[in-house]
Number of protein chains: 2
Amino acid sequence: MLDPVSRVRRFNRAVTSAVGALDTSFLGRGRPLGAARVLNAIGHGRSDVGEIRDYLGLDSGLMSRLLRGLENEGLIETAAHGDDARRRVVRLTRTGRREFSTYEAISNRQAEGFLAGHAQREALLAAMDMIASALGRDSIGLSEMDPRSKEARYCLGAYYDELARRFKQGFDVTLSRDPDARDMVRPRGAFIVAMSDGLPIGCVGLKGSGGDLAEIKRLWVAPDARGLRLGRRLMEAAESAARELGVKVLRLDTNSALPEAGQLYRRSGWTEIPRFNDDPYPDLFFEKRL
Amino acid sequence: MLDPVSRVRRFNRAVTSAVGALDTSFLGRGRPLGAARVLNAIGHGRSDVGEIRDYLGLDSGLMSRLLRGLENEGLIETAAHGDDARRRVVRLTRTGRREFSTYEAISNRQAEGFLAGHAQREALLAAMDMIASALGRDSIGLSEMDPRSKEARYCLGAYYDELARRFKQGFDVTLSRDPDARDMVRPRGAFIVAMSDGLPIGCVGLKGSGGDLAEIKRLWVAPDARGLRLGRRLMEAAESAARELGVKVLRLDTNSALPEAGQLYRRSGWTEIPRFNDDPYPDLFFEKRL
DNA sequence: AATGATATCTGACTAAAGTCAGATATATGC
DNA sequence: GCATATATCTGACTTTAGTCAGATATCATT
């Protein structure tokens, strides 16, 4: 009915008016929007004045005045940065934390109110995740984490669930060769998680042995974040970590029930090789020389 | 990983910065945002000053000044309304139309740019439709339309496609008793389409015979708009149209492969009755006395 | 024709946001 | 140690948005 561009524009209109409503709800605390935004940025853990300025896109003069205002209200304290006394760091006072938490309560209530009226809650949330990831594509960051961290475990859980759904015979992680976490931490290996604004949306493991040979494991991208070329980015990050660790040959196993994975490997310089382990799940094996 | 409220808030953050970027791209024409918004409202066919003021939520003084500014730029012309000379109507001049079309081009380019980089185009658009409908839930309007109109045909096509997917034996509209369009237009019947900001997202037909008996046909709600109680609203609108036309008894047929439909009927006062036609597809029959 | 309601406009104002040119203190490279 | 760059701050300014109290013209009702 509507062409794609009109659909995007319809979305923009809907969202613009919703954002406007969200903004006005912040005005209820008797503080202009600019000051409220700065306070919230600080509350969410940003402490570097310059960083906040960049994040909010403010002029340095304006930023300075807003900080002075919040300081006079007794909500924040500033101090020189330890490494560089030209820079300033900001933190909330006790009063500031209280005020911040009422802003948080406003935001939470707003979000709950939105969800409350909708029957298709999970579908709606999935759609929101997808759009947030797509809009924030440029800000998806890859970070090395411990495979036992909360974020990594979330990704691995989602990965196992997906294998269970997609393999005809199901998937039981205890039957597979579950790598030792220490093999996926420096100096032997690495584990990389893709984060988009606080949400883990992909991961990959590099399982090393200390020698020339290492294995890629647990490559996963959240369904809502597919199509953003994140798989490729994760693989590149894993390969570059492997190079740093002196690895010469990378291997991986996969299953033909995951065709998009096989395609990614073939397109990025991997070559199929004969089976190199007796894990019951994989039926495709690849190698890449670095 | 994230709780529902955090997911909604993550979406809000992503969207807020995207909307900001969209706004700043409108400033490239050397005109403040307020004036640009008014110009665009006029370009999109709004002509009544009061209507534009309500739509944009502007004070009458501010509105007046913005109009004066656009007039001085030679972009618009105002005149008294034909029926009521207190009201004013606005329209674009030739220059104004040109300027408006460059704003349109900016919006279109922005939307195309967003879509261009994404592999999962259709899924992303579906997610956007869903969210736009959910956000604009309060502004979903039901309007009676000709069942041969573009909007109605779009809904019917989507409805047939869905039946084909959901019926084990498929669905071929030519085998079913396709109602004559004239039976779904006043004075015999009615056809109602739910529109959300230009997009048809649901429909229902009331097929009358001129007598006391009429039939409900073609109840459909777009998958992305389910959970908004739109089915119920459509049924209520159809029933009230039936009452207006003097109908005493309503009937409908449906299929047990569409359980959500059966549930809706049972919950809103319909009672199951024996088969009353020989259409090959339905296996459930309902009646409601008005 | 008089009365009150309505739509828009004008003038006078305030608040918020944003800009810009220095001033000040500190860091970095030579 | 000196020149240069950087981070923040201050003061003086402009623009945009928004508010409010009338003024003006028109409409609807009696």
Side-chain angles (χ1 to χ4, degrees), chain A residues 16-17 19-42 46-73 76-91, chain B residues 16-17 19-42 46-73 76-91:
Chain A
T16 302
S17 66
V19 164
L22 206 145
D23 279 355
T24 58
S25 79
F26 264 37
L27 261 47
R29 303 291 305 164
R31 204 167 284 112
L33 213 53
R37 267 203 263 268
V38 171
L39 183 67
N40 280 299
I42 299 167
R46 287 173 206 268
S47 59
D48 207 285
V49 168
E51 186 200 338
I52 299 172
R53 221 173 43 210
D54 287 349
Y55 171 65
L56 298 174
L58 300 173
D59 171 85
S60 72
L62 182 50
M63 176 71 187
S64 185
R65 253 177 289 272
L66 291 171
L67 286 177
R68 233 38 67 224
L70 292 170
E71 220 165 28
N72 291 340
E73 280 193 87
I76 61 168
E77 287 169 341
T78 60
H81 190 284
D83 300 343
D84 179 346
R86 291 170 305 181
R87 283 154 64 194
R88 308 231 92 202
V89 288
V90 201
R91 59 197 202 92
Chain B
T16 302
S17 67
V19 164
L22 205 147
D23 279 355
T24 56
S25 79
F26 264 37
L27 288 151
R29 303 291 306 163
R31 203 170 283 112
L33 216 51
R37 269 203 261 267
V38 171
L39 183 67
N40 279 300
I42 300 167
R46 288 174 205 267
S47 59
D48 207 285
V49 168
E51 185 201 338
I52 297 171
R53 220 174 44 213
D54 288 349
Y55 171 65
L56 298 175
L58 299 174
D59 171 85
S60 71
L62 182 51
M63 177 72 187
S64 185
R65 253 177 288 272
L66 291 172
L67 286 177
R68 233 39 66 224
L70 292 171
E71 221 165 29
N72 291 338
E73 281 193 87
I76 61 168
E77 286 169 341
T78 61
H81 191 284
D83 299 344
D84 180 345
R86 290 171 304 182
R87 283 154 64 195
R88 308 229 92 202
V89 288
V90 202
R91 58 196 202 91

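In what follows, every chain begins at residue 1, and chains take the letters A, B, ... in the order their sequences are listed.
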Between [N] and [X], is there an OP1 or OP2 to side-chain N/O distance shorter than 4.0 Å?
| X | N | value |
| --- | --- | --- |
| A/Arg65 | D/dT8 | no |
| B/Arg53 | C/dT8 | yes |
| A/Arg68 | D/dC9 | yes |

Of all the nucleotides listed ([options]), which has the minimum atom distance to the side chain of [X]?
| X | options | answer |
| --- | --- | --- |
| A/Leu62 | C/dT19, D/dT8, C/dT26 | C/dT19 |
| A/Leu33 | C/dA17, D/dC27, D/dT8 | C/dA17 |
| A/Leu67 | D/dC27, C/dT8, D/dC9 | D/dC9 |
| A/Arg86 | C/dT26, D/dA17, D/dA25 | C/dT26 |

- A/Asp59 near the nucleic acid: base, sugar-phosphate alone, or nothing, with a heavy-atom cut-off under 4.0 Å?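 Base: the residue A/Asp59, judged by heavy atoms under 4.0 Å, touches a nucleobase.
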How many Å lie between [atom1] on [X] and [atom2] on [N], as a whole number?
| X | N | atom1 | atom2 | value |
| --- | --- | --- | --- | --- |
| B/Asp84 | C/dT8 | CG | P | 8 Å |
| A/Leu58 | D/dC9 | CG | C1' | 15 Å |
| B/Glu51 | C/dA7 | CD | P | 13 Å |
| B/Asp23 | C/dG18 | CG | P | 11 Å |
| B/Leu70 | C/dC9 | CG | P | 12 Å |

Compare all side-chain heavy atoms of [X] with those of [Y] and state whether any distance is below 4.5 angstrom.
| X | Y | result |
| --- | --- | --- |
| B/Leu70 | B/Arg31 | yes |
| B/Leu56 | B/Met63 | no |
| A/Val38 | A/Leu58 | yes |

- Quick one: the side chain of A/Arg88 and the base of D/dT8, do they pair up donor-acceptor inside 3.5 Å?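 Side chain to base: no pair present.
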- For A/Pro32 and for B/Gly50, find the nucleotide of DNA chain C with the closest heavy atom, then tell me which residue's nucleotide is more 5'.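 Result: B/Gly50.
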- Item | Crowding at CZ, A/Arg91 (>12 non-hydrogen neighbours, <6.0 Å) |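 Atom CZ in A/Arg91 is not crowded, with 12 or fewer foreign heavy atoms closer than 6.0 Å.
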- B/Asp48 side, atom CG; B/Asp54 side, atom CG - distance, nearest 0.5 Å: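 If I round to the nearest 0.5 Å, the distance is 9.0 Å.
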- Item | Contact nearer the 5' end of DNA chain D, comparing B/Gly61 with B/Leu66 |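 The residue closer to the strand's 5' end, by nearest nucleotide, is B/Leu66.
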